[in-house]
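Down below is the structure, laid out as structure tokens.
Counting begins at 1 with the first residue of the sequence. Indexing begins at 1, ligand by ligand and atom by atom, following the structure's order.
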Amino acid sequence: MSEKTILQIAGLYKRFGDFTALHSIDLKVREGEFLAIVGPSGSGKTTLIRLFVGMDEPTDGTIWLRGQRIDTVPANKRPTCMVFQSLALFPHMTVGRNIEFPLKVAGVDPAQRRERALELLDLLRLPREYYAKRIHQCSGGERQRVALARALAFDPEILFFDEPLSALDFRLRKTLEKELKDLHARTGKTFVYITHSLEEAMAMSDRIAIMRAGRFEQIAPADEIYSRPVSRFVAEFMGEVNLFPVRADDDGVIRADGLALDPAVAARLGLHAGEAGTLMVRPENVAMVNRSDAGGAAPEITIGGHLRAEYNLGSRLQYEVEGPSGQRLTVETLRENRFGGAPGDAVTLGWTLDRCHVIHGD
Ligand code: ATP
């Protein structure tokens, strides 16, 4: 991926009557990047894509593609930004005809069209014989590949995807996730991918933009969003998490209800005097410290509680623990580290400072 910006938006607003769907959004997409835009239903993902490709107009703000303003350019005059829609294939036509369609519209001669369609079949790892096959004879996964080949036939500057895999079953979705990531790597194209599946975003993208109520809450690589979220919303959106309110008094003394926190450790949390925050630790970073074989580094932060339940997650086990003020805490461990306690048992949970993160002012 290059450091060059291919797509930039600044101060983008979209209002529908009294309702503001996008609130002054800024974003830079890098050339060759795979950017996933993730957010709950109604957060504004589709609205944003519609503005990018000219299916709708912003109320305010600017969109540039390679430094050229495009928000004032009508959709049919914009450099090609393709929205990938698998359902838009022509079912009665052959695979070849479908892929060639954009080339035909562009006036490319038949022999060249065919050659390009065959190359695209190769690129999507579909047998060349599929050229003559009809769409209704193709499986769901094959149709997705044909649709991708057709989208690439436009030779778009950027390929936008709006939940392309949401209607597919689990196995096919997993296969296509890998194929899309691979396709991205092989074409070097810029992909902007909308989904409300965090798993999909994590599996494929270089960066994830988390949307919430018409704003970007955080834009960063998946690992960073997972380990160092900027808000409770992002922390919880990214999966199971334990959150503890923490506060530094005006004299700098750290208060964290229920947590056993040595002052020397507390001082390293990075809270300023008078500041409030949230200490976050993911379940897989928490250990049951009263296990005889707890192992690992000595915990620097601990909390007592009572075991409530054990859940089997397949390769991992999850424990639900009730904290001192009745809060629900979660611990995850590999099967081989099974705790084996019974509901009601007193337990102590612990972790090291480098395994947790403080969300400031949240
Ligand atoms: P989903 O994941 O459910 O597709 P989304 O994040 O794509 O959701 P959008 O479709 O962008 O969300 O919608 C954002 C908000 O804007 C929603 O509250 C929606 O009801 C509203 N909205 C979208 N289009 C219109 C419209 N044409 N008129 C009025 N409100 C609209």
Inset, instruction - Mark the output for G17 as yes if a heavy-atom distance to ligand 1 is under 4.0 Å, and as no if none is. - result: no

Legend entry - Basic-acidic side-chain contact under 4.0 Å: E142, R145: no

Inset, instruction - Answer yes or no for atom 29 (C) of ligand 1: protein heavy atom present at a distance under 4.0 Å? - result: yes

Legend entry - Nearest-contact summary for atom 14 (C) of ligand 1 - protein heavy atom, Å: G42 O, 3.4 Å

Inset, instruction - Measure centre to centre between the rings of F244 and W351, then say whether the value is under 6.0 Å. - result: yes

Legend entry - Shortest protein heavy-atom distance from atom 3 (O) of ligand 1, along with the residue and atom involved: S41 OG, 2.5 Å

Legend entry - atom 16 (O) of ligand 1 - nearest protein heavy atom and its distance: F19 CE2, 3.3 Å

Legend entry - Pick from D18, L22, T47: the one approaching atom 13 (O) of ligand 1 most closely through a non-hydrogen atom: T47

Inset, instruction - Using a 4.0 Å heavy-atom cut-off, say whether K45 meets ligand 1 through its side chain, its backbone, both or neither. - result: both

Legend entry - Close approach of G39 to ligand 1, heavy atoms, under 4.0 angstrom: no

Legend entry - atom 20 (O) of ligand 1 protein-contacted (non-hydrogen atom, under 4.0 angstrom): no

Inset, instruction - Answer yes or no: is there an ion pair linking E157 with R66, defined by an N-O contact shorter than 4.0 Å? - result: yes

Inset, instruction - Please report which non-hydrogen protein atom sits nearest to atom 4 (O) of ligand 1, along with the residue it belongs to and the distance in Å to one decimal place. - result: T46 OG1, 3.8 Å

Legend entry - Nearest-neighbour protein heavy atom for atom 23 (C) of ligand 1, which is reported as residue plus atom name and distance: F16 CE1, 3.5 Å

Legend entry - Working for salt bridge (Lys or Arg N to Asp or Glu O under 4.0 Å), residues R308 and E320: CA-CA 5 Å; R308 283 284 163 257; E320 192 179 308; over 6 Å; no

